[in-house]
Amino acid sequence: MAAAISLNIVVARLELSLILFFIGLSLAAWSRIPWRRFAFYFLAPAWATLLVFIGFSAGFGVSPIGDIGPLTFYREGVRQGLSAAARVACDMTWLAAVFTTTSFPDVLTALKSFRVPVVLVDAAAISYRYGFLLLDEYARMKTVARMKGGFRGYIGTCRNTGLILTQIILRSYDRTVRIQEAMTARGENSDDHSSQTESSDSDAADGCPNRCDITPVAPHEAGLNAAGPMLACDRISHFHRGDRTVKAVSMTVEKGEIVVMCGPNGAGKTTLLKLIAGLITPHDGEVRHLGRRLDRKRLKDAFRRTGMLFQDPNDQLFCTHVRADIAFGPKNLGLDAAEIERLVCTAMELMEVSHLADRPIHQLSHGEMKRVGLAGLIAMRPPLLLLDEPTASLDPASARHLIDIIRHLNSHHGYTLIVVTHDINLAADIAKRIIVLNGGEIMADGPPRKILTDMALLQAARLEPPILTRLFQRLQPLDSEHEAIPANIEEAVLWLRRATGSCQGKDHG
């Protein structure tokens, strides 16, 4: 392919371009590439060929042969346009043949071997990854528009296609910002890629059912304050477009805690997570990780201490394939190749995605993408994990599996977690402490039972009490003395056993 394209560019003759074009088509036919697939790769950039022809035909020459609207076409320009268009079509044919017969990682490897600048290779990889996502978004939006009668007639089809493409462009701009944040959260902009200190994980591995050696680096080994809290926020505030989205929030999180942050939409939960992760800076106040102030000089190194799982996994996963995405963060830590491979394999095994290692990201289900995203964080071993709506859009079985993994990371490896969720039942299942956020301020901060049984507080924060809480409030007789209402299933079982035993004792009497 490289030889054909190079020859086509250097010689630049119409006859040679046509010969190479038909050779490329012949190779595609001989390789038995499905014609629909080949046509997609070939016709998708065909507009470039047309623009090249029109540009040359209307821009060069002295012998006009006709007008089409405001454009005048020249005989000399048409000849040059045909020659240029033939070269473009030839190159597109060879590229289509390569992309339909070679896996994309092999294509990237070949580009690197030809010393193509890394920035161009990375741009090609991200374009590949998000090109499929944009096509899926277009298909979904078109289906919705068709259901509403928006694709009847030629004019309606053109108008609504334009509206959909406009929305896709706007969404792509917003997603670009979130992708950059995800890259920063995994060390892409770090100035120092030196290796972090290895921790001794033997004790944790011995207590781990599957001996997954992924315990975070100990604070004292990383030169941090091991005695202080994992996180301390001192009256931090943040403004967005003139509005204060986080208002003088002060909080501490101790090592080994699972803190669940609840609140209605727009409460400032995601913004607070980004402030903690160092993705954005507070306009007032300060954030400390293990006693170290997170100032502007240390923002690029915040990824060593915090890992953030974004709500939409399409923002989290930006590499082309699963293994490459999970390895992205460990590479930025400056670890050697053997250690990176060990961490990647261990994280994939723990998250049960080892069978997906070589699968393209765009072929994963939503639940698989969530697990791959968390595997990418685990492979970096940051002591503080920030999870933004980790169970959103997951089926019950996938959500339960993710909850079990969160508990495992906390109990067997000592990870500290801050989990943002709308699911109050999830908070009851995993929280050691609950923070209720509303209007950018902390409304309440306390143990789960105290928060989840305070009906006035939950109503003020526009949160529904857990199902168990509502059930046992109705089961309790109105004239009985106040009894602790169960906050989770384990406590509910004990409550029922006590109640059953009491009833049986009364029957015996």
Side-chain angles (χ1 to χ4, degrees), residues 126 129-130 132-134 136-137 171-190 231 238 240 245-246 259-263 265-281 287 299-300 302-320 322 324-330 332 347 351 353 356 361-362 364-382 384-394 398-399 402-403 405-406 409 415-423 426 437:
I126 292 179
R129 159 73 180 95
Y130 286 98
F132 287 97
L133 179 61
L134 295 179
D136 290 341
E137 286 188 350
R171 292 185 183 187
S172 299
Y173 174 79
D174 292 337
R175 178 170 282 118
T176 300
V177 176
R178 297 194 295 271
I179 293 169
Q180 181 60 43
E181 290 177 340
M183 288 182 167
T184 301
R186 293 162 68 185
E188 173 64 12
N189 298 323
S190 175
L231 169 73
H238 183 75
H240 179 65
T245 54
V246 174
V259 177
V260 172
M261 196 178 298
C262 300
N265 290 331
K269 303 183 296 299
T270 298
T271 301
L272 183 55
L273 285 191
K274 290 181 179 180
L275 288 167
I276 293 171
L279 299 178
I280 56 178
T281 56
V287 178
L299 284 178
K300 292 183 179 181
F303 75 99
R304 298 179 182 273
R305 299 179 292 279
T306 64
M308 182 169 174
L309 183 70
F310 287 69
Q311 181 175 351
D312 186 351
N314 284 310
D315 302 331
Q316 185 85 25
L317 311 177
F318 40 79
C319 295
T320 57
V322 169
D325 199 276
I326 296 175
F328 182 87
N332 290 325
M351 297 304 302
V353 295
L356 304 174
I361 296 294
H362 66 271
L364 302 179
S365 69
H366 194 86
E368 289 170 339
M369 292 174 72
K370 285 271 188 178
R371 286 187 283 156
V372 170
L374 187 52
L377 298 184
I378 292 171
M380 297 173 66
R381 303 186 302 168
L384 176 61
L385 293 178
L386 312 174
L387 311 183
D388 193 359
E389 297 286 357
T391 59
S393 304
L394 296 185
S398 298
L402 196 57
I403 290 171
I405 289 173
I406 290 173
L409 292 172
Y415 281 89
T416 304
L417 295 105
I418 300 178
V419 182
V420 164
T421 183
H422 284 99
D423 186 355
L426 170 63
L437 204 67

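Throughout, numbering of the chain's residues begins at 1 and tracks the sequence.
In this structure, the side-chain hydrogen bond (donor to acceptor under 3.5 Å, both in side chains) partners of S398, at least two apart in sequence or on a different chain, are D395. Not a single side-chain hydrogen bond (donor to acceptor under 3.5 Å, both in side chains) links H366 to another residue, sequence neighbours left out. For the salt bridge (charged side-chain N to carboxylate O under 4.0 Å, His left out) test, no residue two or more places apart in sequence or in another chain qualifies with D388. Applying the side-chain hydrogen bond (donor to acceptor under 3.5 Å, both in side chains) test to T421 and every residue at least two apart in sequence or in another chain returns nothing. By the salt bridge (charged side-chain N to carboxylate O under 4.0 Å, His left out) test, R129 pairs with no residue at all, sequence neighbours left out. With sequence neighbours excluded, the residues satisfying ring pair (Phe, Tyr, Trp, His ring centres under 6.0 Å) with F318 are F328. Under the salt bridge (charged side-chain N to carboxylate O under 4.0 Å, His left out) criterion, E181 pairs with K274, not counting sequence neighbours. Every residue meeting the ring pair (Phe, Tyr, Trp, His ring centres under 6.0 Å) condition with H362, not counting sequence neighbours, appears here in chain and number order: Y128, F132. Residues passing the side-chain hydrogen bond (donor to acceptor under 3.5 Å, both in side chains) test with R371, sequence neighbours excluded: none. In this structure T176 satisfies the side chain to side chain contact (heavy atoms under 4.5 Å, CB included) test with no other residue, sequence neighbours excluded. The side chain to side chain contact (heavy atoms under 4.5 Å, CB included) test applied to A399 returns T391, L394, not counting sequence neighbours. Legend: residues meeting salt bridge (charged side-chain N to carboxylate O under 4.0 Å, His left out) with E368, ordered by chain and number and at least two apart, are absent.
For the pair R186/D325, a side-chain contact is recorded, criterion being any heavy-atom separation below 4.5 Å from C-beta on. Side chains of L309 and E389 form no contact here, defined as non-hydrogen atoms less than 4.5 Å apart. Taking the side chain as every heavy atom from C-beta outward, V260 and I418 never approach each other to under 4.5 Å. Residues L402 and L387 fail the side-chain proximity criterion, which asks for heavy atoms closer than 4.5 Å. Counting only heavy atoms from C-beta outward, the side chains of M261 and V419 never approach each other to under 4.5 Å.
Here the CD1 atom belonging to I179 is positioned 11.0 Å from the CG atom belonging to D174, to the nearest 0.5 angstrom. Here the CG atom belonging to L279 is positioned 10.0 Å from the CD atom belonging to Q180, to the nearest 0.5 angstrom. Here the straight-line distance linking atom CG of L409 with atom OG1 of T416 works out to 11.0 Å at 0.5 Å rounding. To the nearest 0.5 Å, atom CG of residue L437 and atom NZ of residue K269 are 7.0 Å apart. Taking NZ of K300 as the reference point, atom OG1 of T184 lies at 9.0 Å (rounded to 0.5 Å). Atom CG of N314 is separated from atom CD1 of I361 by 9.5 Å, given to the nearest 0.5 angstrom.
When every heavy atom of L134 is checked against every heavy atom of S172, the shortest pair comes out as CD2-OG, 3.3 Å. Closest heavy-atom contact between M308 and A277: SD-CB, 4.3 Å. Taking each heavy atom of N332 and F303 in turn, the nearest pair found is O-CZ, 3.8 Å. For the pair G278 and A302, the tightest heavy-atom approach, listed with the atom from each and the gap, is CA-CB, 4.5 Å. The two residues P313 and M369 have their closest heavy-atom pair at CB-CB, 3.6 Å.
Checking I326, L356, L377, I378 one by one against M351, the side-chain contact (heavy atoms from CB on, under 4.5 Å) holds for a single residue, I378.
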Inset, instruction - With side chain to side chain contact (heavy atoms under 4.5 Å, CB included) as the test, would you mind laying out the steps for L417 and V259 before giving the verdict? - result: CA-CA 6 Å; L417 295 105; V259 177; over 6 Å; no

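A donor-acceptor contact shorter than 3.5 Å is absent between the side chain of Q316 and the backbone of K370. Between the side chain of T245 and the backbone N or O of H238 there is at least one donor-acceptor pair closer than 3.5 Å.
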